[in-house]
Protein chains: 2
Amino acid sequence: MTKKTVGISDVAREAGVSVGTVSNSFNRPDSVAPETRARILAVVERLGYVRSESARQLRTGTSRIVALLVLDLANPFFVEVANGAERAARAAGLGVMVCTSAQSPSEEAEYVGLFTEQQVRGVLVIPADPTGRSLEPLRRQGIPYVVVDRLVEDAEVCSVSVDDVAGGRLAVEHLLAQGHRRVAYISGPAHLQQIRDRRTGALHAIAAAGLPPHTLHELPTAHMTIAAGRDAAARLLGLADRPTAVFCANDLLALGLEQALYSAGVKVPEEVAIVGYDDIEFASAVAVPLTSVRQPAAEMGRLAAQMLLAEAAGDDGIDHEHRSVVLQPELVVRTSSLHRVG
Amino acid sequence: MTKKTVGISDVAREAGVSVGTVSNSFNRPDSVAPETRARILAVVERLGYVRSESARQLRTGTSRIVALLVLDLANPFFVEVANGAERAARAAGLGVMVCTSAQSPSEEAEYVGLFTEQQVRGVLVIPADPTGRSLEPLRRQGIPYVVVDRLVEDAEVCSVSVDDVAGGRLAVEHLLAQGHRRVAYISGPAHLQQIRDRRTGALHAIAAAGLPPHTLHELPTAHMTIAAGRDAAARLLGLADRPTAVFCANDLLALGLEQALYSAGVKVPEEVAIVGYDDIEFASAVAVPLTSVRQPAAEMGRLAAQMLLAEAAGDDGIDHEHRSVVLQPELVVRTSSLHRVG
DNA sequence: TTGAAAGCGCTAACAT
DNA sequence: ATGTTAGCGCTTTCAA
């Protein structure tokens, strides 16, 4: 237990070769004679030798892990993004470090500090800081990063996002097609681009239908959680000219809303129709399954990881062309919005 | 951009001191004169110097990150465990690497290999491999680890778990107290200790009530997911002497069950009462909120992290006494089981 | 195909 | 309080 850790030189000595040969047998197997290699591997096995990643990294200057910084693992949407990214990274032989910023710019900055010290191979980040300032250190250190779930026009950065304007339009178009003429938008923090874009999309749909903007009644929330959805339900029910349909900025809100309406004896979709956003698994697992705007979350994670790896592969990031990929959302219609009105 | 990375010697030169002093100003601030330190820090700032963690680690032999290997982030229960662990580790200034084994022993083994190469400070693991063999390399490398959510009798390892026998008993006691005399147990893979323990607890409750063992009718599932819960519902409804109450091995199953029953027009809790397990947030967010056995998930993660850090602190793990902490579950009664029968 | 040797950037022991 | 210096374990020329 207290035995000194076995290093490459121990293996070399036992196998009767030089350390360089041992190293080669790992990193350039072709350049070492098969029987030599076999002998070395046997010794490795016998001694239980494990490469020191820190030594390799110090020598080569780059680590074998990529970091993924998400806002909140409590939202299954981000879990799905993480899964997609993790699979892609592991397929490339890299480890993934999943971290949570809890939507806090300071936490984000702290993690970015950690990542630079670790000299991670790259970072996938769903930004918590709208200014993007907390990502500066990455650029300074030359650590490639890809922004996920947010469109970045900046030509210096790759990003993968989903067209939220289209998503908002899809949701409200559907509601209007069902005959609704008063639609609530249970939104979230206004500083989130996603929230603004979805509203924009909603308004587009309304304009396209020749309806006035005030057809949409926004009910902002601070947190986009189930609890916030319940709160919003109370506000909705207190409204004078109560909307007959609700577009929620995510499924957590929608789930909270649906539950509160049920408790209040308000029928979904007969009295109030609901459309959520993200299409998390739980959205389809409730008594009245939720219509939702599906985002290709896993695909987004996968793509982001691939773009990151491509960028990291280019030495010094030279000749790398930054791209912004925008994926399209899709409306998944279920019971919660299936009721014609008017 | 292509500028050579700035190292500690650059800082030393610019500040007109030696590298040792720069190092000290970071690691033993008290041993360097305040004004010297200030000057150094200014240079650090100006040059944008970032410590190389790999160099530190190579020198000191230990990294500043702990790994957390869970079965599946898609289950909010594990997310909660992860959150508790992450908070505790970060409070101690350590980074956390969250990874998913997808219940696969081979994935688990692969990650363990990664962790040994990284020489992480320690590992928190919810084991996927019931034999525990895939954790062997950790022991060989002297990397401390704590087993989470599974009781390990082995005196060589710390573990934090929840008393599943008590949980099963709690659930079924409650159901029996409501008057139920035919109870189904929608379980999971029999190789999971948790599944067996919860059944044992259920049978204890039944025996204590003076009822025969066949009062409990087990419906096994392969995956413990929402979809599996729906499937189980179909089997339940096909049963000759249909149980009036169901104990589910987790909330995902319970949610799927409840939805399928609703679709089939079977009233919960009037016709079938349901008790779930884990008390994930979604359990309380459905129309008919789920009674569930609450596990102190975050607490488990927090405790495990603390035990890990304690073990890692003891040099060479010498004089460290391994402990197995068993936490107690708690029944949270909600609507899904609130109906007296018989 | 293999060996010898020079560092990668840092910490810590020791010297001043 | 500060400077000097020897490695940590590995990869990678360069020679043989």
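Below, read A as the first sequence line, B as the second, and so on, with proteins coming before strands; counting in each chain starts at 1.
Under a cutoff of 6.0 Å and an axis angle of 45°, A/R51 and A/F26 form a cation-pi pair.
Across the protein-nucleic acid pair, A/Q119 atom CD and C/dG9 atom C1' stand 9 Å apart, rounded to whole Å. Nucleotide C/dC10 holds its C1' atom 13 Å from the CG atom of B/D10, rounded to whole Å. In this entry the distance linking CD1 of A/I8 with P of D/dT12 reads 11 Å, nearest Å.
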Donor-acceptor pairs under 3.5 angstrom involving side-chain atoms of residues 39-47 of chain B: please list them, not counting sequence neighbours.
from  : atom 1 : to    : atom 2 : distance (Å)
B/R39 : NH1    : B/A15 : O      : 2.4
B/R46 : NH2    : B/E14 : OE1    : 3.1

Which donor-acceptor pairs under 3.5 Å do side chains of residues 79-95 of chain A form with protein atoms, sequence neighbours excluded?
from  : atom 1 : to     : atom 2 : distance (Å)
A/E80 : OE2    : A/R294 : NH2    : 3.3
A/E86 : OE2    : B/Y111 : OH     : 2.4
A/R90 : NH2    : B/E110 : OE2    : 2.9

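Atom CD in B/E35 sits 12.0 Å away from atom CZ in B/R37 (nearest 0.5 Å). Note that CD1 of B/I65 is 6.0 Å distant from CD of B/Q118, once rounded to the nearest 0.5 Å.
Taking the C1' atoms of five terminal pairs at each end of the helix from C/dT1-D/dA16 to C/dT16-D/dA1, the two resulting helix axes are inclined by 30°, rounded to 10°.
Contacts with DNA chain D (heavy atom under 4.0 Å) in residues 12-24 of chain B: B/G16, B/V17, B/S18, B/V19, B/G20, B/T21, listed by number. DNA chain D lies under 4.0 Å from at least one heavy atom of each of the following residues of residues 56-65 of chain B: B/L58, B/R59. Listed by residue number, the members of residues 26-41 of chain A with any heavy atom below 4.0 angstrom from DNA chain D are A/N27.
The only option from A/I143, A/V112, A/V123, A/L69 that meets the side chain to side chain contact (heavy atoms under 4.5 Å, CB included) definition with A/L135 turns out to be A/V112.
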